[in-house]
Each structure stands twice: as structure tokens, then as C-alpha cells.
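One structure below.
Order of appearance sets the numbers: ligands from 1, and atoms from 1 within every ligand.
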Amino acid sequence: MAGNRTFTMIKPDAVSAGHTGAIIKMIEEAGFRIVAMKKTQLSRERAGQFYAIHKERPFFNDLCSYMSSGPIVPMILEKDNAVEDFRKLIGATDPQKAAPGTIRNLFAKSIEANAIHGSDSDANAEIEGNFFFSRTEQY
Ligand code: UDP
Ligand code: MG
């Protein structure tokens, strides 16, 4: 059975462009409840830990530089079928391929600077949420 939580972060390009509020509005209007949220910045090393699964990929070094280049807004979100419904709301990794009206279609600058992250499974949602938030920060 699908779980009811996912993890997201608004990425540096979208935060610096001033899209944080518009993106949070879309997330809440799509029926997600914000369980935890903060503004923070990753070091290059911590960005590498977060994306460790991609460490052999050609884009890994650039991705770590980009993800540590400025503040991000990580959040834990709650909704029925959260992981799958949130991936639909954000759209494809490449904004050129993201469906009209999705967050990446509206706000992403490139396949790398693509505005927002969304967990790809219930297990990763749990791991990624715990990467940023302790139990007592979750409401
Ligand atoms: N990425 C990139 N180049 C690529 C593919 C991915 O820079 O060719 C970046 C992009 O920021 C993406 C992240 O690496 O969101 C993680 O890639 P993944 O394939 O997991 O995409 P996602 O799950 O975020 O859609
Ligand atoms: Mg992914």
C-alpha cells in the first residue's frame, strides 16, 4: 500500500528567483499538508551525501556544486498516495518534457536547475526526510 508522506526541497534556482511562495501555494492547493519545513543551505559534501545514488553519473559533480550554491527549502509533505501524486505535480526531470502546469514546467530553468525535488519511493521519502528533519521538527 502506498504511504502518505513524501519529501521535497525547493532548489537553489527557484529560491533565488523568488518562486518559494508560488511553489508552496501550488503544493498546498494540490492537497498536501506541510509536516516540516525550513530554509537552509547544503555544503558541497552534504549535497553529495544526499545524491550519493548518482555518484557515478556524469552530472554528479555539477549537481553537487549547484545544490550547494544557495539556500533551499526542504519539506516533508503528507497526502494520500503522496510520492506518486507529488511526482505528477512536479513533472518530468527535464523541464522541456514536463507536462504543462507542473511545477518544473512553470519554474525550472534547465534539466539540472529544475526548481524542485520529489522522492521517488516511500523508502526514499523516509530516508530523505530524516536527512533534514528530526522527529521533533515534524508536525
Ligand atoms: N540531473 C542533471 N542532469 C541529468 C539528470 C539529472 O543535472 O541529466 C539533476 C537534476 O537536478 C535532477 C537530479 O539530478 O533533479 C536527480 O536526478 P534524477 O534522475 O533522480 O531526477 P529527479 O528524480 O529529480 O526527477
Ligand atoms: Mg530522483
Side-chain angles (χ1 to χ4, degrees):
M1 205 189 100
N4 67 345
R5 282 191 178 189
T6 192
F7 170 81
T8 184
M9 54 189 167
I10 305 174
K11 296 185 178 183
D13 60 296
V15 173
S16 69
H19 297 315
T20 302
I23 290 172
I24 290 172
K25 186 168 195 281
M26 284 184 69
I27 291 170
E28 288 193 312
E29 285 179 354
F32 292 87
R33 191 179 74 79
I34 298 169
V35 173
M37 174 168 70
K38 65 184 161 193
K39 189 172 190 178
T40 186
Q41 185 163 351
L42 289 168
S43 64
R44 209 172 182 293
E45 190 190 1
R46 253 175 87 70
Q49 286 164 8
F50 185 88
Y51 282 113
I53 192 156
H54 293 310
K55 67 176 183 298
E56 307 302 336
R57 306 281 289 277
F59 59 81
F60 180 72
N61 273 321
D62 280 352
L63 177 61
C64 293
S65 301
Y66 156 64
M67 283 303 301
S68 58
S69 67
I72 58 169
V73 178
M75 287 175 259
I76 295 172
L77 303 174
E78 202 165 76
K79 182 185 181 300
D80 287 350
N81 202 37
V83 166
E84 191 187 343
D85 286 2
F86 195 73
R87 294 287 303 201
K88 275 191 201 134
L89 180 66
I90 70 177
T93 309
D94 180 352
Q96 307 267 31
K97 296 179 185 150
T102 58
I103 293 175
R104 283 169 166 170
N105 169 254
L106 292 170
F107 299 111
K109 294 200 168 101
S110 66
I111 191 165
E112 177 182 79
N114 60 1
I116 193 158
H117 171 81
S119 301
D120 62 7
S121 66
D122 290 349
N124 283 335
E126 172 84 17
I127 291 166
E128 292 170 0
N130 290 336
F131 186 90
F132 283 96
F133 299 101
S134 70
R135 196 61 237 170
T136 55
E137 292 173 304
Q138 300 179 28
Y139 298 92

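The aromatic rings of F107 and H19 are tilted relative to each other, their planes meeting at an angle between 30° and 60°.
Considering OG1 of T40 and CZ of R46, their distance stands at 7.5 Å, rounded to 0.5 Å. Here N114 contributes atom CG and Q96 contributes atom CD; the two are 12.0 Å apart, rounded to the nearest 0.5 Å.
Between F131 and F7, the gap from one ring centroid to the other reaches at least 6.0 Å.
Protein heavy atom closest to atom 10 (C) of ligand 1, with residue, atom name and distance, is I111 O, 3.2 Å. For atom 17 (O) of ligand 1, the closest heavy atom belonging to the protein is H54 NE2, 3.4 Å. For atom 24 (O) of ligand 1, the nearest protein heavy atom (residue, atom name, distance) is R104 NH2, 3.0 Å. If you check which protein heavy atom lies closest to atom 25 (O) of ligand 1, you get T93 OG1, 2.5 Å. In this structure, atom 12 (C) of ligand 1 lies nearest to the protein heavy atom N114 ND2, 3.6 Å. Nearest protein heavy-atom contact of atom 4 (C) of ligand 1 is F59 CD2, 3.4 Å. Distance from atom 11 (O) of ligand 1 to its nearest protein heavy atom, with residue and atom name: E112 O, 2.8 Å.
With respect to R44, the side chain to side chain donor-acceptor pair (under 3.5 Å) criterion is satisfied by exactly one of S65, S68, S69: S65. Results of the side chain to side chain contact (heavy atoms under 4.5 Å, CB included) test with L89 over I27, T102, T6 single out I27 as the only residue that passes.
Every atom of ligand 1 with a heavy atom of R87 under 4.0 Å away is listed here by number and element: 22 (P), 23 (O), 25 (O). Each of the following atoms of ligand 1 lies closer than 4.0 Å to a heavy atom of L63: 9 (C), 11 (O), 14 (O).
Checked against a 3.5 angstrom limit, the closest N/O atoms of Y51 and ligand 1 fall outside it.
With F132 as the aromatic partner, K38 does not meet the cation-pi criteria of under 6.0 angstrom to the ring centre and within 45 degrees of the ring axis. Both the sub-6.0 Å distance and the 45° axial angle are not jointly satisfied by K55 relative to the ring of F60.
Close to ligand 1: K11, with a non-hydrogen atom less than 4.0 angstrom away.
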